[in-house]
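What follows is a short report on a single structure.
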Amino acid sequence: MNSNQKKLVKSTVPVLKTNGTDLTKHFYTRMFTHHPELKNLFNMSNQASGKQQHALAGAVLAYAEHIENPEILINVLKSIGNKHVSLNISPEQYDIVGHHLISSIKEVLGESATDDLIEAWTQAYNELAQIMISIEEDLYQSALKKDGGWKGWRIFVLADIIEESSEVKSFYLKPKDQNTIADYLPGQYLSVKLFVPELGHEQARQYSLSSAYHPEYYRISVKKEHQPNAPQGVISNALHQKSIGDEIWVSAPSGVFHAGIDGTQPLVLISGGIGVTPLLSMLETNKNKLQENTTVWLHSCRNEKVHAFKDHIDRLNEDNDWLTTHIFYETASKEEHTPFKEGRIDLAELKDEVLIDHAKYYICGPEVFIKVQYNSLIKLGIAQEDILYEEFGPQLLHFN
């Protein structure tokens, strides 16, 4: 891009701030009208809720704001690239997206969409697409080079299903071809794909791997949404209705939220609800590798009934002096058996426990939960680079 084109793209920042979501809504409607087959790739629950339109609007705005130095966004782009690879996105699909995005800019901006502005945005999109295609090709090749690695979708069999709480089940996935499966870093996820009869097309969802790597199976742990007919509950409820021996499509492990397997830094793990899953993988890996790094785990959920992996964590907590846990229940009954604190996590009250030299802090849970815990850590003086978080669904959180 030349300097004038960059200025033209940047000139659209005010419009994107006020009308960005209008643009992305128009874009998705246009693209799905011309290419309904892409509904197999996109999370239609996030489309129905508006989260995906909002996330894309934020991404387009961020790209326009940093058009002079897009490398600032490299970590965000790598995260998106990992999600794309887990969905088997191809370079050809970038052409489709680009065509409908540029057409949408023309149609939404109307007379203000001059030929020069459209040419500038076309060039900007093409450059971004090439960055993403390059990132994703590296990830594809990295996966293929792994022992047991693969690209795209592979059939796995549900070898076992374990009830972890009143609303969470663990699914043990073994490859149908009985060949080797790739290892992964603790905290990463994989995508599973199912055909949804009521929607008439496939849908894929990402689920964190909830155990340390085991060469014979992958384990994911899925919370069943309470509204099975709501868009966000379609896949989780479908999985909860599956039986041992059923088959599903699975992509290779992916994701940028992870702990190293050979690190020696203390860990502070902060989870809310089903956010327990990637952090449990980190904890098990720490134990299995005999590193036994000092670890503090703070977990919050509604009550003991929905507390997944409670007994497993209790056993680890009893057997190891390197692990300290703090459990928070929003509501409690007289029947509770686990030591807990009533209410929600307040890191300021636990600063003597969580302020550990050279520690890394990992947060996973609902959007609001992540915001609160992240900001609390910043107020306690923790450096941004030492705080990592995983947001399930579209990336809506941005911390400066």
Hydrogens and angles aside, do [X] and [Y] bring a side-chain donor and acceptor to less than 3.5 Å of each other?
X: Tyr94; Y: Glu136; answer: yes
X: Ser271; Y: Trp297; answer: yes
X: Gln141; Y: Glu137; answer: yes
X: Ser210; Y: Ser221; answer: yes
X: Arg205; Y: Ser45; answer: yes
X: Thr295; Y: Asn286; answer: yes
X: Thr21; Y: Gln53; answer: no
X: Glu216; Y: His214; answer: no

Checklist entry - Is the Tyr207 to Tyr189 ring centre distance short of 6.0 Å? => result no

Next on the checklist: With a 6.0 Å cut-off on the ring centroids, do Tyr389 and Tyr361 count as close?
Outcome noted: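 When the ring centroids of Tyr389 and Tyr361 are compared, they turn out to be at least 6.0 Å apart.
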
Would you check if [X] and [Y] make a side-chain contact, meaning some heavy-atom pair closer than 4.5 Å?
X: Leu298; Y: Val268; answer: yes
X: Leu190; Y: Ser86; answer: no
X: Ile327; Y: Lys341; answer: no
X: Ile67; Y: Met1; answer: yes
X: Lys193; Y: Trp153; answer: yes
X: Phe27; Y: Val108; answer: no
X: Tyr218; Y: Tyr184; answer: yes
X: Leu280; Y: His312; answer: yes

Under 3.5 Å, side chain of [X] to main-chain N/O of [Y], donor-acceptor pair present?
X: Asn40; Y: His201; result: no
X: Thr114; Y: Leu117; result: yes
X: Gln203; Y: Phe42; result: yes
X: His66; Y: Ala62; result: yes
X: Gln188; Y: Gly255; result: yes
X: Asn4; Y: Lys7; result: no
X: Asp246; Y: Lys242; result: no
X: Lys360; Y: Glu385; result: yes
X: Ser281; Y: Pro186; result: no
X: Ser134; Y: Ile131; result: no

Show the nearest heavy-atom pair for residues [X] and [Y], with the distance to one decimal.
X: His358; Y: Pro266; result: O-CD, 3.7 Å
X: Val13; Y: Ala64; result: CG2-CB, 3.9 Å
X: Ile181; Y: Tyr213; result: O-OH, 3.0 Å
X: Thr33; Y: Pro36; result: O-CD, 3.9 Å
X: Ile387; Y: Tyr374; result: CG2-CD1, 3.5 Å
X: Ser236; Y: Val222; result: CB-CG1, 3.8 Å

At what distance, to the nearest 0.5 angstrom, does [atom1] of [X] lie from [atom2] of [Y]?
X: Gln384; Y: Ile382; atom1: CD; atom2: CD1; answer: 12.0 Å
X: Lys106; Y: Ser112; atom1: NZ; atom2: OG; answer: 13.5 Å
X: His299; Y: Thr325; atom1: NE2; atom2: OG1; answer: 10.5 Å

Quick check: is [Y] connected to [X] through a chain of hydrophobic side chains (ILVMFWY, heavy atoms under 4.5 Å apart)?
X: Ile356; Y: Leu347; answer: yes
X: Val9; Y: Leu77; answer: yes
X: Leu87; Y: Met132; answer: yes
X: Ile270; Y: Val306; answer: no
X: Ile118; Y: Trp121; answer: yes

Checklist entry - For Val296 and Leu269, what are the C-alpha separation, side-chain angles and deciding distance, and is it a side-chain contact (heavy atoms from CB on, under 4.5 Å)? => result CA-CA 6 Å; Val296 178; Leu269 311 176; over 6 Å; no

Next on the checklist: Parallel, tilted or perpendicular, judged at 30° and 60°: which one describes the rings of Phe257 and Tyr362?
Outcome noted: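 Aromatic pair Phe257/Tyr362 classed perpendicular.
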
Item to check | Aromatic plane relationship, His100 with His34 - under 30° parallel, 30 to 60° tilted, over 60° perpendicular | outcome: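 Taking His100 first and then His34, their aromatic rings sit tilted (interplane angle of 30° to 60°).
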
Item to check | Test side chain to side chain donor-acceptor pair (under 3.5 Å) applied to Arg302 and Glu330, His307, Glu167, the passing residue | outcome: Glu167

Checklist entry - What do the steps show when you test Leu377 against Ile363 for side-chain contact (heavy atoms from CB on, under 4.5 Å), and what is the final call? => result CA-CA 10 Å; Leu377 290 173; Ile363 312 170; 3.9 Å; yes

Item to check | Among Phe156, Tyr140, Trp249, ring-ring contact (aromatic ring centres under 6.0 Å, His included) partner for Trp150 | outcome: Phe156

Please determine if [X] and [Y] form a salt bridge, counting it only when a charged side-chain N lies under 4.0 Å from a carboxylate O.
X: Lys176; Y: Glu247; answer: yes
X: Glu304; Y: Lys310; answer: yes
X: Arg30; Y: Glu107; answer: yes
X: Glu127; Y: Lys6; answer: no
X: Lys174; Y: Asp160; answer: no

Item to check | side-chain contact (heavy atoms from CB on, under 4.5 Å) between Thr294 and Leu267, worked out | outcome: CA-CA 6 Å; Thr294 298; Leu267 304 175; over 6 Å; no

Give a yes or no on whether [X] atom [atom1] has more than 12 heavy-atom contacts from other residues, nucleotides or ligands under 6.0 Å away.
X: Asn2; atom1: CG; answer: yes
X: Gln178; atom1: CD; answer: no
X: Asn69; atom1: CG; answer: yes

Item to check | Ile80, Val85, Asn82, Ile74 screened by side-chain contact (heavy atoms from CB on, under 4.5 Å) with Ile135, the one that passes | outcome: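 Single pass found, and it is Ile74.
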
Next on the checklist: Applying salt bridge (Lys or Arg N to Asp or Glu O under 4.0 Å) to Glu164 and Lys223, what does each step give before you reach the verdict?
Outcome noted: CA-CA 10 Å; Glu164 307 289 0; Lys223 175 187 174 184; over 6 Å; no

